[in-house]
Amino acid sequence: MQEQYRTLAREGVHEIEINKSRFLCALAPVATEAEAQDFIARVRKEHPGARHHCFAYVLGADGGIQKASDDGEPGGTAGVPMLQMLVRREMRYVVAVVTRWFGGVKLGAGGLIRAYGGVVGEALDALGTVTRQRFRLATITVDHQRAGRVENDLRTTGRAVREVSYGAEVRIEIGLPEADLESFTAWLADTTAGAARLELGGEAYGDL
């Protein structure tokens with residue numbers, strides 16, 4: 001699995017105008033191809049009068065799923081430069097749709113490539129990106145007397161505390177980078193005088 005990947009911070013739009021043609025880029029974080037296709041369909045529905053709705057998306061932490069469409073523009077002048085921009089920026093789990101309204105002035109193949117790729121790059125800058133890190137899920141079980149200090153120490157040191165549940169004992173679910181497991185286990189034993197138990201689970205990605 002990839003140790004980390006970059007994705008979009010939030011959904012949004014960004015628009016530019018070149019020689020009277022409007023290029024509106026809509027970006028969204030998506031988890032699956034179905035979500036990406038739903039977003040593309042939504043953008044088409046929002047702008048039914050536009051001539052082109054070109055798209056590109058990259059899915060998978062390793063970027064294993066990549067698709068692009070020129071939607072009627074000359075081959076290779078829209079979807080491909082959009083996809084290249086996403087890949088160049090190392091984006092994952094993201095879909096881009098660029099809606100174009102033709103302004104009467106032909107841009108030529110080079111102009112289209114620069115416009116479609118450029119508006120995606122500008123949109124990424126405007127909306128911002130986040131890096132997600134691969135974590136090993138783990139559960140700390142500790143007595144109530146020590147739980148408050150443990151939880152506080154975890155949060156103040158920037159650990160990814162996912163959930164805290166109270167019963168006969170306190171269970172604190174966290175995410176740990178694989179490389180930190182050994183040092184964290186030693187820290188937990190020292191902090192709780194060996195009273196806490198650490199149970200390792202599966203893997204997930206979380207914000208870095």
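Quick note: numbers below take in every heavy atom, side chains included, and nothing from hydrogens, waters or symmetry partners. Being a predicted model, the structure only gives us computed values, none of them experimental.
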Glu46 vs Thr99, side chain to side chain contact (heavy atoms under 4.5 Å, CB included): CA-CA, chis, key distance, verdict: CA-CA 10 Å; Glu46 287 174 358; Thr99 300; over 6 Å; no
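- Using modelled atom types, one side-chain atom of Arg136 and one backbone atom of Gly201 make a donor-acceptor pair closer than 3.5 Å.
- Residues Thr141 and Glu169 form a side-chain contact, since some pair of their non-hydrogen atoms from C-beta on lies under 4.5 Å apart.
- Taking all atoms of both residues into account, the shortest heavy-atom contact from Asp62 to Gly64 is OD1-N, 3.1 Å.
- In this structure the side chain of Glu151 never reaches within 4.5 angstrom of the side chain of Val170, judged on heavy atoms.
- For Asp71 (side chain) and His52 (main-chain N/O), no donor-acceptor pair under 3.5 Å exists by modelled atom type.
- Taking the charged nitrogens against the carboxylate oxygens, Arg42 and Asp38 have no contact shorter than 4.0 Å, which rules out a salt bridge.
- A distance-only check finds a donor-acceptor pair linking the side chain of His144 to the backbone of Gly167 [under 3.5 Å].
- Open room surrounds CZ on Arg114; 12 or fewer heavy atoms of other groups in view lie less than 6.0 Å from it.
- Side-chain contact between Thr191 and Arg149: present, with at least one pair of heavy atoms (C-beta onward) separated by less than 4.5 Å.
- Scanning both residues, Val105 and Ser21, for their nearest heavy atoms gives O-OG, 4.5 Å.
- Contact check for Leu8 versus Val30: no side-chain heavy atoms found under the 4.5 Å cut-off.
- Side-chain contact between Met85 and Tyr116 is absent, with no heavy-atom pair separated by less than 4.5 Å.
- Smallest separation of non-hydrogen atoms from Tyr57 and Ala36: CD2-CB, 3.8 Å.
- Residues Ile172 and Val161 form a side-chain contact, since some pair of their non-hydrogen atoms from C-beta on lies under 4.5 Å apart.
- The aromatic rings of Phe184 and Trp187 are tilted relative to each other, their planes meeting at an angle between 30° and 60°.
- Scanning all heavy atoms of the two residues, the minimum distance from Cys54 to Ala78 falls at SG-CB, 3.5 Å.
- Residues satisfying the ring-ring contact (aromatic ring centres under 6.0 Å, His included) criterion with His47, sequence neighbours excluded, are Trp101.
- Proximity of Met91 to Leu27: side-chain heavy atoms (C-beta onward) are nowhere separated by under 4.5 Å.
- The closest donor-acceptor contact from the side chain of His14 to the backbone of Cys25 lies at 3.5 Å or more, if one exists at all.
- No single ILVMFWY cluster, assembled from side-chain heavy atoms under 4.5 Å apart, contains both Val120 and Ile113.
- Checking side-chain atoms of Arg132 against main-chain N and O of Tyr205 turns up a donor-acceptor pair under 3.5 Å.
- Side-chain atoms of Ile140 and Leu154, non-hydrogen and from C-beta on, do get closer than 4.5 Å to each other.
- Checked by atom type and distance alone, the side chain of Asp143 pairs as donor or acceptor with a backbone atom of Arg146 at under 3.5 Å.
- Sorted by first then second residue, the side-chain hydrogen bond (donor to acceptor under 3.5 Å, both in side chains) pairs that include residues 80-98, not counting sequence neighbours, are Arg89-Asp125.
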